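See structure below.
For the numbers below, each heavy atom of this structure counts, side chains included, while hydrogens, waters and symmetry mates do not. Because the structure is predicted, anything quoted here is derived from the model rather than measured. Proteins get letters first, then strands, A, B, ... in listed order; numbering begins at 1 in each.
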Amino acid sequence: MHPAFSVIFLTTLIGVGQGLFLGLFTAQYYSAFKLISVENAQGFYSGGSLVALLFLFGGLGASFFHLGHPERAWRAATQWRTSWLSREVIVLPAFIFIVFVYGALYYFGWDPNLTSANLPAGQLSFLVGVAGTVVCFALFLCTGMIYGCIKFLQEWHTPLTPLNYTLLGTASGFTLAAGFAASYAPELIRFFGELAVILTLVAAVFRIWALLRNFRIKHRSTLQTAIGVRHNQIVQKAQGAMGGSFNTREYFHGRSAAFLKSMKYLFLVLTFVIPVLLLVLAMSTGINSLLGLAFAVQYLGLIAERWFFFAQARHPQNLYYQTL
Amino acid sequence: MTQLALVIDLNVCVGCHACVTSCKQWNTSGSAGPMSDDRPYGKDPTGTFFNRVQTFEVGSFPKTETVHFPKSCLHCEDPPCVPVCPTGASYKRKEDGIVLVDYDKCIGCKYCSWACPYGAREIDEHQKVMKKCTLCVDRIYDQKLPEAERKPACVLACPTSARLFGDVHDPDSMVSVAIREEGGYPLMPEWGTQPSNHYLPRRKTKMHIHEDELVRVDNPLAKEQFKVPDSDDPFLEDASSW
């Protein structure tokens, strides 16, 4: 497939925003049980929510560049019964709204207890956080299933697709949370940093699993089934268009095999290897600026990862365009 | 239930592209607006088409065969492009099974084109909506046309009648009979899309002539065995004595 930068930025940016929100709620969860303590809770949670919102809006904005008629985008919420894309269109604004409410509750310090039972304080924000977490995972599922549900794009048609969207988004969000904690809640650097390392390593395992799966993939469609002629040797002589068409532009990345391969190693190094080394280095030396660098490198890696994700998928319609 | 479809006879198609040009002519002139072109007379012409003819060479010389392969939307019975559409712009008509795009609802996200294994959909780069074969839905029901002309433009244009049009759910229709009796097949059956359009395979017409058919055993004159005298044989004049 031809990787569109609007979709690359949409999926990576909202992934970071979602991951950061999950990071915030994880911290809230741990502090509710007194496992960690956040000194500047108001500044940390509301500021973190604001950063998450910036990423989510960035992704939402990028998605509009993918549309031919963005003014009709509201229509995309109508077919949620059948279309994962439509479901994403509903869940993404819902998630943005919940993150906004979550941040606002902390910013205005309005967090009443909901029951008189002997429960920790901050029950309303905790409840909103639970709702946000559920919607956040639903959004990861929707985003992944947009690609995972197309059965003849065999590289994508696997549970690993939504799983990797979830893990990569969460890992990058936690890396950002570690960097964000450096300026707002230094006591949480280790907490987020260690989780970011673990999540990045888990994401690496499943992403490499997907790479190995796709390396061995056997495509069901062949030129023989495509035109229905049973012969081993079929050569295309004409594609039906002289100067190319939508079919020759949309379904192929247009780069060499060597370029594709170099992108694969590039994203493996940038998304997984360097960020883990930087995070460990930052936590052991205490140089907090390395945390920001870790996130920047990991995000660059994610752009390369998403580019490769699209470029690697081989659409069966390319069988009709043999000279691509 | 009706399922209108095309049956394309690869045995007859000569690859003249008359279906391509007539399709473009009819559908670019309709109320849905033009099918835009870029640089039609320039170096890299490109544009939106509903129908294209491709050419494949099967086998290696001297045992080769050229297959011209017209390719358009197959109006699948289970179209994978329809449920993925987030706006409902892509739909399959209940009354005749034609898969259509509502150009006023389409947001141009191209997701349906990703979900079509055949690459039958093309985006219009200027109107920014997805376009595809409509089976000339604005023509086949037009009461103002004579009944014989209520067919898709490509079917009417085909000089070799390689394109048949009809209801593939009606077992006695011309298309159903052709599929049944001439070995019609769907494309990429492995994805379960159940394409309504079918293709008729190349068929070789072979003559088997037995020796008995060349030499008539029962010929009373045995004309084939009659020896024609050559020039060295003596003439009647040489043989007779005067």
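No other option in A76(A), P316(A), S86(A) has as many heavy-atom pairs under 4.5 Å with chain B as A76(A). In terms of heavy-atom pairs under 4.5 angstrom with chain A, the leader among G42(B), G59(B), G15(B), P189(B) is G59(B). Options T78(A), V235(A), L319(A) differ in how many heavy-atom pairs under 4.5 Å they form with chain B, and the most are formed by V235(A).
Heavy atoms closer than 4.5 Å to chain B are found in the backbone of A73(A), but not in its side chain. For V89(A), no part sits under 4.5 Å from any heavy atom of chain B, backbone or side chain. Heavy atoms of E250(A) lying under 4.5 Å from chain B belong exclusively to its side chain. Residue contact with chain B, scored on non-hydrogen atoms closer than 4.5 Å, involves the backbone of A77(A) exclusively. Residue L153(A) touches chain B through its side chain alone, counting heavy-atom pairs closer than 4.5 Å. For chain B, the nearby parts of H66(A) are the backbone and the side chain; heavy atoms of each come within less than 4.5 Å. For V58(B), the parts lying near chain A are the backbone and the side chain together; criterion is any non-hydrogen pair under 4.5 Å. Both the backbone and the side chain of L67(A) come within contact range of chain B, with heavy atoms under 4.5 Å apart.
Counting heavy-atom neighbours within 6.0 Å of R314(A) CZ, excluding the residue itself, gives a total of 12 or less. The 12-atom threshold is not exceeded at CZ of F65(A), counting heavy atoms of other residues, nucleotides or ligands nearer than 6.0 Å. Heavy atoms from other residues, nucleotides or ligands lying under 6.0 Å from CG of N232(A) number 12 at most. With a 6.0 Å radius and a threshold of 12 heavy atoms from other residues, nucleotides or ligands, K132(B) has its NZ atom above the threshold.
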Apply the test side-chain contact (heavy atoms from CB on, under 4.5 Å) to residues I227(A) and F56(B): give CA-CA distance (whole Å), side-chain angles for both, the deciding distance (0.1 Å), then the verdict. CA-CA 9 Å; I227(A) 66 168; F56(B) 295 89; 3.8 Å; yes
May I have the step-by-step check of side-chain contact (heavy atoms from CB on, under 4.5 Å) for T46(B) and R249(A), ending in yes or no? CA-CA 11 Å; T46(B) 187; R249(A) 291 187 292 266; 3.2 Å; yes
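Formation of a donor-acceptor pair under 3.5 Å by the E57(B) side chain with backbone atoms of Q236(A) is not found in this model. In this structure a side-chain-to-backbone donor-acceptor pair under 3.5 Å is missing from R52(B) to Q239(A).
Within residues 173-188 of chain B, the residues that have a heavy atom under 4.5 Å from a heavy atom of chain A are Y185(B), L187(B), M188(B), listed by number. Near-neighbour residues of residues 103-124 of chain B relative to chain A, defined by a heavy atom under 4.5 Å from a heavy atom of that chain, comprise Y103(B), D104(B), K105(B), C106(B), I107(B), G108(B), C109(B), K110(B), Y111(B), S113(B), W114(B), A115(B), C116(B), P117(B), Y118(B), G119(B), R121(B), E122(B), I123(B). Within residues 1-8 of chain B, no residue has any heavy atom less than 4.5 Å from a heavy atom of chain A. Within residues 61-91 of chain B, the residues having any heavy atom closer than 4.5 Å to a heavy atom of chain A are F69(B), K71(B), P80(B), P83(B), V84(B), C85(B), P86(B), T87(B), G88(B), listed by residue number.
Put simply, the side chain of Y321(A) reaches to within 4.5 Å of the side chain of Q54(B), judged on heavy atoms.
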